[in-house]
Amino acid sequence: MKPITVLVSVDSNSVLLGARHFLNYLRDLVYDHNLGDVVEILETGSMGVYPEGVIVSILPDNVFYLVKTEEDVRTIFEEHILKGRRASRLLLDEGKVKSSVEIERLTQETRVVLKNVGEIDPTDIEEYIARDGYFALAKALQMRPEEVIEEVKKSGLRGRGGAGFPTGLKWEFTAKAKSDQKYVLCNADEGEPGTFKDRLIMEGDPHSLIEGMVIAGYAVGATKGYIYIRGEYYGSIEILKKAIEQAYEYGFLGENILGSGFSFDLKVRLGAGAYVAGEETALIESIEGKPAKPRLKPPYPPTYGLFGKPTVVNNVETFVNVPRIILNGADWFRSFGTPSSPGTKVFSLVGNVVRKGIVEVPMGTTVRDLVFRFGGGVEKGRQLKMVQTGGSAGTFIGPDKLDVPLDFDSYGKYGVSIGSGVILVIDDIHCAVDLALTVMQFFEHESCGKCTPCREGTRMAVDILTRISRGQGREEDLELLREIAKNAGEASFCGMGQSVPVPLLSILDNFEEEFRAHIGAERCPVGVCEFVRTSKKLKVK
Ligand SMILES: Cc1cc2nc3c(=O)[nH]c(=O)nc-3n(C[C@H](O)[C@H](O)[C@H](O)COP(=O)(O)O)c2cc1C
Ligand code: SF4
């Protein structure tokens, strides 16, 4: 029997679908049949957007299966592993995708950030090294720090945490700040509802993040780094801690890295799950041991950050792009995406979409492609009503904006935000008022209370939307909501309150008629939910 490697996707989504159980079951079968010497079973990260089951791939045949039950595992074992023939019933995409496909072709993605995710065992540093891992660090250490920054600037890389600030410029500000101590922080708080791309990146390829952070440290002259990650991300935390341990063991962290004279220490810090803790200055306060409340800006972190020292704060995806840029060059990176937003973007597809999960595409990909080509369209054959792009702080758009290419300019140009890369698909059984209420309840709950326009504005918005949803709205309510949104946007202390108008105004503008129709109505006028005057909870018939 020829040696076989079986890769089982055990990212968080797959774990919820039974991946660990399937993995153990498969291991038992292999053990019971004394095949341990020829069949290797490895855990790997997310292979893409297939929410209905766990992806299992078999090498060297390059066959991909979708597993939903223990019975499926047994079938693959008996058919493919024992008898050497395809278990055609379980082939991914009903067999339309056959063998000899790499992940990239399988999903038609452009995998730059996710190039290792779903391909390697994230707990094994040697697998990472075998795929050019830490080569970029070795290369960067041979360059002068300012050359590294220049390359990142030339690449046009912009922060993937939402604001799209040019990364090279941020690093340059930090490098130029004079200080005895500087820091590099990774923002892995990922509090935006619907976003889970950072989690899957860290679970599938933790060493790329570590490598990107060490390169950043070298470029700006920082010797200490922290990954600030939300405490609920147990899987990522465990994998990251192990990866850090291995990186120390292999000399990619610690003293005198690769004999360069440069030293860098990296630790993990856990957040307690507040949305605002993802705001960079609140994150810094939290690492310092204080409540996660934003600081007044300026000064910005590159001059006054952690413990008052110059600090780089970047998102997970931003850092993971860095080794790719250093290794392949800025021009290569610019060959993806749009001139003002080069590179790719990892999107989280959620809501009423057929295939949920993460997908990596070039910047400038349209919303339509994300929803229909990669996501497979609206589930249960329903109609698309709207899409919320960019997370809870993002825009609600109707089907008329499906052809907008998403990048960091799409908000300014077309009123469609990219934010943290959430694509929340909403079908026609949802009510715009109820959605607006849900989003504002989130903002009200997460407001840290430091400033009035955010604290009181979100509370008032919730009150008004609640009464509209109960049919007790007043004519002037829509104007009032617009005023609240405007005040929060203009007068709030931090980016959280400042972003209130983005979802609120976009849903009001796109669905004003639906809001008006609720005023004085006995029941939900959309006719699909039953909450007016009875309950504010959406009940689908
Ligand atoms: C309320 C709020 C929450 C945020 N949450 C996150 C987050 O979870 N992850 C993140 O990378 N950036 C988040 N940001 C953006 C950060 O403040 C910061 O811009 C980012 O970490 C910088 O990294 P980048 O330049 O690589 O995008 C948030 C901002 C605000 C206002
Ligand atoms: S806008 Fe004000 S109240 Fe809202 S989270 Fe920021 S600092 Fe806190």
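Remember, predicted model here, so these are calculated numbers, not experimental data. Both ligands and their constituent atoms are indexed starting at 1 by order of listing.
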Asn187, portion touching ligand 1 at heavy-atom distance under 4.0 Å
both
Which residue holds the protein heavy atom closest to atom 1 (C) of ligand 1, what is that atom called, and what is the gap in Å?
Met496 CB, 3.6 Å
Below 3.5 angstrom, do we get any N/O pair linking Lys170 and ligand 1?
yes
Tell me whether ligand 1 is touched by Gly191 - counting only heavy atoms on the residue side and a distance under 4.0 Å.
yes
Min N/O separation Gly278 to ligand 1 under 3.5 Å
yes
Option nearest atom 23 (O) of ligand 1 (shortest heavy-atom distance, choices Asn315, Thr318, Val316):
Asn315
Mind checking whether Glu190 contacts ligand 1 via backbone (N, CA, C, O), side chain (CB onward), both or neither, at a 4.0 Å heavy-atom cut-off?
backbone
Looking only at distances, please establish whether an N/O atom of ligand 1 is found under 3.5 Å from an N/O atom of Glu192.
no
Do any of the N, O or S atoms of Cys451 sit under 2.8 Å from atom 2 (Fe) of ligand 2?
yes
Look only at interatomic distance and state if Tyr275 has a nitrogen or oxygen under 3.5 Å from any nitrogen or oxygen of ligand 1.
no
Is a salt bridge present between Glu190 and Lys197, judged by a nitrogen-to-oxygen distance below 4.0 Å?
no
Would you call Glu147 and Arg144 a salt bridge, using N to O less than 4.0 angstrom?
yes
